[in-house]
Amino acid sequence: ADVISTVEFNQTGDLLATGDKGGRVVIFQRETEVVDSGEYNVYSTFQSHEPDFDYLKSLEIEEKINKIRWLPQQNAAHFLLSTNDKTIKLWKVSERDKRPEGYNLKDEEGRLKDVSTITSLQVPVLKPTDLMVEVRPRRVFSNGHTYHVNSISVNSDGETYLSADDLRINMWHLGITDRSFNIVDIKPANMEDLTEVITAAEFHPHHCHLFVYSSSKGTLRLCDMRASALCDKHTKLFEEPEDPGSRSFFSEIISSVSDVKFSHSGRYLLTRDYLTAKVWDLHMDKGPVETYQVHEYLRSKLCSLYENDCIFDKFECVWNSSDSVIMTGAYNSFFRMFDRETGRGVTLEAWRESSKPRAVLRTRRVYTGGKRRRGDVGVDSLDFTKKILHMAWHPSENIIAIAATNNLYIFQDRVNPEAQAQQ
Amino acid sequence: MFPKGTKRKFSDSGEEAGSNGDQGQAASTSVAAPRTLTSSYSLQRQSLLDMSLIKLQLCHMLVEPNLCRSVLIANTVRQIQEEMTQDGTWQIMTQALAAAQCPSDRLVATEVLCRQTDPATAAQAGQSPKPFSVVGLEEGYHSEEVVMEGEVETEVTMSTLSPVSQQMPSASYLAGPFGMGPCWEEEDEDGDGEDEDDDEEDSEECVSEGEEGDRDHLRADSRTGEQVFGTFEIKHPVPPADPALEELFSDVDPSYYDLDTVLTGMQSSPKMGPYDLLESLSSHGPTTLSSSSTCRSDLNELDHIMEIIVGS
């Protein structure tokens, strides 16, 4: 099993796709026989991207799947977009449970029959067979990006999608692979002047002309494609003024936004930077409306985290279906959920040893002072190699998928406040 | 000694005194407060600068380095450098670097340039270890001098990078990370023309990295500075007074240290020996070669032209 690099539910939540560092995509399907089951079984596995080599630059192109996004379902087949650093592919996932039998010219195994043995004609009929899941590449969108693609987002119009790399955002039509529109370009004329890159981008869930992109300087830019063809000038700039009292050499690095997600309602934005998760109101650009401390105890360790590169880890963040809870990952296999109404946060762990299938997850705590409880983990004993970077929340139910290195955890809330664990 | 003004706030309250020059904890500064340089703070800042420069350098991988990470590190370096400039630390350091340079270096450089032998050993033998000695500024301050002082092109570049001095020594100090190698990303498809000198000089740096093992004994400060600045050793300083060398480098494009030029096809070329690069430099013909966007094609052309010139 390889390191999982992206997790995504489809629009109904029946399918869950994961992409890994080896370029493979594994699709899980929710079990339908047992009602209300939170179990997912492997539905299909396929190799999406292969390692490539850029001969011009003498560089390898990683096959790691950076993002997967499902298209809204329009017929019996499912479509998803998967991307590595350079190339986006559209895959068609379809089922086949019938096969034609009774060919005239071929026998059962497909071998050509000797024509002289054919005495009569028959009409082939479709007979039911075992379920087969076929995955075929339908489009390959290549040569659109010079830099590394970090985000893809399907538009609500159902026809277009955007792909964002470090310096540019392109808009594609799902049916056209040899052309894309460049809608954002922040590459400076002189690369020496480069101080800011694009870190994530997403289309608005309802308005097909709006999209947002985040930067390494902690800003969010909302762009309206009706304003101009090239959306270099933002429609709205969301930025929190810096607190001069807490300024350090690492201020900029920890302000870099690693993920941005529209709420399902389209009214709010959720962003994640190194130490916090923030909720922004689209109507207010002066600052976030809510700020949640994910692991504030790391603030004093920033130098060490800079040294071992952990400070550059990109954590994702997700909304629940009703936009009342937000979730994001941390270290030591911990992930955090925050209830927006109460403002309270809870720490949970995705670790095999401490959760058996169907067991109730217990909350964890990082000891930061005061009375130490049993089970508390000290800051210095956190395992920084166990990072929860990628996760997904079911679109309508309280089922979450957490990627912990090369394991996938699926948790379901069975009406009770505590979640139950399943691997 | 420094007056006991407002002390800087350390983000880790318990570790203030515990900084020992190693990668200590981060120091947060109160921007509004008057700047008083505590030695531990400047030590931490220096170690942070070293760390950042190393991070920028370790980009000679097979896979393209992360641009976001590189940009963030570079911004950190810039920030430190600006602060050091404001503190006056920068001036002190650059003056020390200038003072460290001695005439014998110049002679050695010329000799090495003209000789068709391994510049590594020549540099080792000829150059005094002085540029790599620890310069004691405040207590514990250590600087890794860069041999490449005086190079014309670095000066020009530094004027864009730093708001302050155009002194060559200061230029050379920071020219490193950006002139180093493919620390950003490689191809600029807009085709910012890059002269092939950029390739050869950059390749030179790439090459010298592989030889840094030889340099160990020259280091007075045997820490991370070796890796960071060992690569500069092969760069031969161009003393402005020497007309011969000036002419040699007159064709060198000052945009050499552009990130753009660094980006364009700037691949690590450990396979190319310093011998080839030196030949290219002394061939007086860097500008005659057509600008191309890859190091590799340039190398082939270099070899080709060298064969013609040398006639071997």
Side-chain angles (χ1 to χ4, degrees), chain A residues 51 53-62 64 85-86 143 145-148 150 165-167 187-199 215-217 242-256 258 299-309 311-314, chain B residues 9 11-15 23-32 44-45 47-48 51-52 55 61-64 66-69 71-76 78-80 83 157 160-161 178 182 184-190 192 257-263 265-269 293-296:
Chain A
F53 195 76
D54 183 337
Y55 295 96
L56 195 62
K57 303 187 216 172
S58 298
L59 284 172
E60 282 183 0
I61 299 173
E62 280 190 321
K64 173 168 74 90
D85 282 338
K86 298 284 184 188
N143 300 320
H145 290 279
T146 308
Y147 305 95
H148 291 175
N150 53 52
D165 66 28
D166 293 316
L167 296 178
K187 181 176 185 287
N190 190 355
M191 278 298 271
E192 266 189 17
D193 303 331
L194 179 65
T195 56
E196 192 174 11
V197 298
I198 298 170
T199 51
S215 82
S216 57
K217 288 202 167 167
E242 196 187 351
D243 172 20
S246 63
R247 179 153 175 68
S248 78
F249 287 119
F250 305 109
S251 293
E252 188 187 312
I253 300 179
I254 63 169
S255 74
S256 173
S258 55
R299 194 179 284 274
S300 55
K301 308 274 178 220
L302 289 179
C303 198
S304 317
L305 294 166
Y306 179 71
E307 191 190 352
N308 62 17
D309 267 7
I311 207 174
F312 302 108
D313 286 336
K314 293 196 189 314
Chain B
K9 276 195 293 190
S11 54
D12 56 319
S13 42
E15 303 267 348
Q23 281 77 27
Q25 305 297 320
S28 62
T29 72
S30 177
V31 172
Q44 289 180 6
R45 183 175 62 185
S47 79
L48 189 63
M51 213 194 311
S52 306
K55 282 184 183 299
M61 317 167 227
L62 209 47
V63 186
E64 232 168 312
N66 190 342
L67 185 65
C68 181
R69 176 178 171 270
V71 167
L72 288 172
I73 298 173
N75 288 352
T76 308
R78 239 177 237 140
Q79 192 189 338
I80 295 176
E83 202 183 278
T157 311
T160 55
L161 262 184
F178 299 103
W184 295 81
E185 53 76 52
E186 273 55 37
E187 173 108 3
D188 178 10
E189 65 181 357
D190 296 344
D192 295 285
Y257 279 108
D258 273 0
L259 283 177
D260 247 344
T261 59
V262 167
L263 293 184
M266 215 45 80
Q267 253 332 99
S268 62
S269 52
S293 56
T294 63
C295 207
R296 194 162 283 178

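Reminder, nothing fancy here: chain letters follow the sequence lines and each chain counts from 1. None of these values were measured; they are calculated from a predicted model.
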So what's closer than 4.5 Å to chain B heavy atoms on [X]: side chain, backbone, both or neither?
X        : result
A:Ser256 : side chain
A:Thr199 : side chain
A:Asp165 : neither

Atom of A:Leu167, atom of A:Val197 and distance for their closest heavy-atom approach: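 Smallest interatomic distance, heavy atoms only, reads CD2-CG1, 4.1 Å.
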Show your working on side chain to side chain contact (heavy atoms under 4.5 Å, CB included) between A:Phe312 and B:Asn66 and close with a plain yes or no. CA-CA 10 Å; A:Phe312 302 108; B:Asn66 190 342; 5.9 Å; no
Evaluation steps, side chain to side chain contact (heavy atoms under 4.5 Å, CB included), between B:Arg45 and B:Leu48: CA-CA 5 Å; B:Arg45 183 175 62 185; B:Leu48 189 63; 5.5 Å; no
Residues A:Thr146, A:Lys187; criterion side chain to side chain contact (heavy atoms under 4.5 Å, CB included); working and verdict: CA-CA 11 Å; A:Thr146 308; A:Lys187 181 176 185 287; over 6 Å; no
